[in-house]
There are 2 protein chains.
Amino acid sequence: MARQVKIKDIAQMAGVSAGTVDRILHNRGNVSEASRTAVERVLAETGYRYNIHTSAVSLRKEYRIAIAIPTAVKGEYWDSVQSGIEHALDEYSDIRISREYAYYNQFDIYSCRASFESIAEGSPNAVIIGPTFVSETRSLCGELDRKGIPYAFVDSAIEGLNPALSFSCDQKACGRTVARLLHLTCPENSDFAILSSMRTGNGRSNNSLARKEGFTEYFMETCPGNAVMEAKFSVPDPEESERNVLNFIRENPSVKGIAVMNSRGYIIADILKRTGMEGISIVCFDLTSNNVRCIRNGSISAVVCQRPELQGFHAVRGLLRYLLYNQEDERKTHSMPVDIVMAENLPYYKEFLPE
Amino acid sequence: MARQVKIKDIAQMAGVSAGTVDRILHNRGNVSEASRTAVERVLAETGYRYNIHTSAVSLRKEYRIAIAIPTAVKGEYWDSVQSGIEHALDEYSDIRISREYAYYNQFDIYSCRASFESIAEGSPNAVIIGPTFVSETRSLCGELDRKGIPYAFVDSAIEGLNPALSFSCDQKACGRTVARLLHLTCPENSDFAILSSMRTGNGRSNNSLARKEGFTEYFMETCPGNAVMEAKFSVPDPEESERNVLNFIRENPSVKGIAVMNSRGYIIADILKRTGMEGISIVCFDLTSNNVRCIRNGSISAVVCQRPELQGFHAVRGLLRYLLYNQEDERKTHSMPVDIVMAENLPYYKEFLPE
DNA sequence: ATGTTTTTTGTGTACGTACACAAAAGTAAC
DNA sequence: GTTACTTTTGTGTACGTACACAAAAAACAT
């Protein structure tokens with residue numbers, strides 16, 4: 001194994017001192033043009049890379065990462081994201097990092113504004129954002145750009161902004177995958193429906209929209225004869241919700257497959273289970289604890305997930321690499337895999353291996 | 001963020017010197033019973049953890065990892081394992097590690113013996129083993145145990161041995177998943193078949209067997225009315241193989257779903273495609289480049305995978321942690337997730353995010 | 001030319017651990 | 001009590017980087 005090239009080696013080769021090389025590596029300025037070019041040439045030639053360990057060791061600074069995401073309810077989507085974040089902080093616990101969560105209610109734009117403002121005020125070293133509300137996110141990111149604070153998106157990305165890192169899924173492909181699964185789990189000539197939860201307001205409408213698009217596209221291409229309907233149900237009011245759903249099914253007996261474009265599939269599943277309705281397949285998103293339960297009892301056929309935990313993990317990891325090593329040349333936009341989970345592979349589903 | 005507890009702190013608290021603490025941490029011996037208990041108490045109280053970075057920095061030793069796996073043919077299963085290994089070596093390139101591959105032909109027991117012997121002779125610091133041949137693996141591991149060299153299994157584990165780490169998949173669950181997918185992708189009253197490639201000999205028979213078990217179990221439970229047949233085809237001789245397959249299909253027109261319990265599904269898929277046979281669904285294992293091609297052109301319905309790349313990655317990572325930090329208290333046996341890949345989610349399938 | 005300010009460069013120390021080596025304490029034999 | 005030897009303990013240095021600070025060089029004003 002070839003001995004590692006050190007800063008001192010670089011310095012010697014370029015005919016300057018280690019301090020100068022250090023200043024160039026960290027863009028600390030106060031370097032003559034001559035030194036800069038000489039050193040940069042040597043850096044390129046040798047393919048110099050930081051020694052992560054020694055770098056971390058001598059780092060005096062403590063980094064503060066702020067996290068603005070929807071409230072992480074135990075067992076639900078954002079809880080997974082958060083546990084990925086925590087996992088990363090644990091993995092990198094030898095670097096001094098502190099974190100501060102600024103949760104917001106994903107159905108309340110005012111709480112989002114409050115959360116984002118507190119973030120901007122705190123002047124952290126980096127920010128992880130779950131960008132539910134578009135214009136609020138834009139304004140926060142503008143502020144961060146001005147202050148030179150790097151930020152990462154998880155769950156979805158917003159156009160026209162410049163995150164250091166962003167994680168998302170091709171939502172159309174997710175929609176197509178849901179469609180495929182529903183198609184597979186339903187009898188030949190059934191019709192299909194998308195049931196949307198009503199309270200979402202602005203929340204995640206981005207994702208849902210693209211998902212619907214992919215979903216309907218699939219059926220248009222694959223079996224244009226079968227209808228794809230749409231209906232709504234109410235999340236806040238369970239009784240109304242039940243009435244909505246049962247009415248819809250009674251009125252559309254040809255519908256044998258129901259897609260829910262978020263994690264609320266279990267609500268429909270529970271209603272059908274409770275009222276003893278059978279022969280209707282449900283496919284939805286995210287491996288929340290409720291959905292796990294429904295896959296186990298057979299009331300949900302399959303679930304499509306987008307590795308929320310891994311997203312959280314890599315958001316932290318990426319931001320740290322950015323902060324510590326200026327590694328912004330990496331691929332910025334990461335498209336997450338689309339995982340399919342059903343009863344058979346559920347017991348072994350893990351996004352990655354923990355300690 | 002609380003300041004980290006250092007070895008010096010521990011030493012002071014226990015009323016000994018840093019050297020003594022170090023000896024205890026690394027089981028270097030020459031420590032009095034009194035010191036040992038005192039230090040161990042303080043270690044437990046403070047929950048001391050190594051600082052990975054400084055530890056890595058001051059490590060003088062160069063570690064040699066030997067890897068005994070079947071030949072990694074580009075685009076096939078073991079190539080993925082290897083790329084995970086390489087990925088880990090890159091990720092941890094700031095620790096001095098050298099690697100040495102000792103490939104063997106997974107259909108030739110003699111080449112396996114040769115490979116394993118060369119491993120034992122080299123006296124590496126750790127070994128990664130793809131345990132295809134059972135008794136050969138046993139004898140290698142016995143040797144390694146005697147020498148005190150830790151080893152990790154990837155792809156499958158062998159009973160009665162004591163690896164520092166092992167990665168595998170519940171093969172029965174994989175078989176059930178294949179069954180489920182085949183069931184879903186076939187018309188209502190079709191029969192099913194398992195086609196086995198003939199040359200395998202001893203190779204991976206372990207895995208295949210458990211997979212078959214899970215597969216037949218599923219159909220027994222779910223639809224005992226539909227038959228599950230078995231047939232063989234020859235890998236080395238394509239023409240014979242084609243005759244085998246076509247004959248089987250002609251003789252059993254009720255079979256609309258074919259499972260292949262290894263990665264050779266593409267062979268069947270190509271035959272059916274070439275001869276213009278349609279309406280038969282194929283499900284097999286592993287996302288090899290041939291299988292990717294067949295999923296894309298629609299001749300394979302779905303594939304089940306067990307994250308070979310992640311297995312390779314974590315084998316290296318785990319062995320390093322074992323070597324560097326004596327972290328053998330971790331969970332040793334890791335059951336990998338069972339991934340389902342079909343045309344819709346194929347483009348985004350990644351086991352984890354590379355740099 | 002001289003002093004003053006600014007820019008550029010070089011040097012030294014800290015980070016926390018691993019390990020070699022020296023020192024001290026303990027043991028045994030005479 | 002001395003010597004020889006073993007066991008136990010303590011000390012010092014290296015690892016490669018980050019950063020503070022001192023030193024030198026350059027630029028500018030008088």
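Note on naming: letters A, B, ... go to the chains in the order of the sequence lines (proteins, then strands), and numbering restarts at 1 for each one.
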Item to check | Phosphate contact (D/dG16 OP1 or OP2) by A/Ser55 side-chain N/O below 4.0 Å | outcome: no
Next on the checklist: If I take atom CZ in residue A/Arg23 and atom C1' in nucleotide C/dT7, what distance separates them, rounded to the nearest angstrom?
Outcome noted: 11 Å
Item to check | Close side-chain approach of B/Asp9 and B/Tyr48, heavy atoms under 4.5 Å | outcome: no
Next on the checklist: I need the CG-P distance between A/Asp9 and D/dC15, as an integer number of Å.
Outcome noted: 11 Å
Checklist entry - Want to settle it: does B/Gly29 or A/Ala18 sit nearer the 5' end of DNA chain D, counting the closest nucleotide to each? => result B/Gly29
Next on the checklist: Below the 4.0 Å mark, does D/dT9 have OP1 or OP2 next to a side-chain nitrogen or oxygen of B/Ser32?
Outcome noted: yes
Checklist entry - Is there a side-chain contact between A/Pro124 and A/Ile149 (heavy atoms, below 4.5 Å)? => result yes
Item to check | Atom pair distance, as rounded to whole Å: CG in B/Leu25 and P in C/dC19 | outcome: 12 Å
Checklist outcome for this item: For A/Ser17 and A/Ala11, the nearest pair of non-hydrogen atoms, with its separation, is C-CB, 3.5 Å
Checklist entry - Would you say the base of D/dT17 and the side-chain of A/Ser58 have a donor-acceptor pair closer than 3.5 Å? => result yes
Next on the checklist: Is there a side-chain contact between B/Tyr48 and the phosphate of C/dG16, meaning an N or O under 4.0 Å from OP1 or OP2?
Outcome noted: no
Next on the checklist: Please determine whether a side-chain nitrogen or oxygen atom of B/His53 lies at a distance below 4.0 Å from atom OP1 or OP2 of C/dC15.
Outcome noted: no
Next on the checklist: By nearest heavy atom, map B/Ala34 and A/Lys8 onto DNA chain D; which one lands nearer the 5' end?
Outcome noted: B/Ala34
Checklist entry - Is any side-chain nitrogen or oxygen of A/Thr20 closer than 4.0 Å to OP1 or OP2 of C/dT8? => result no
Item to check | C/dC15 OP1/OP2 closer than 4.0 Å to side-chain N/O of B/Thr54 | outcome: no
Item to check | Interatomic distance where NZ belongs to B/Lys6 and C1' belongs to C/dA14 [whole Å] | outcome: 10 Å
Checklist entry - Which one, C/dC19, D/dT17, C/dG16, comes nearest to the side chain of A/Asn51? => result D/dT17
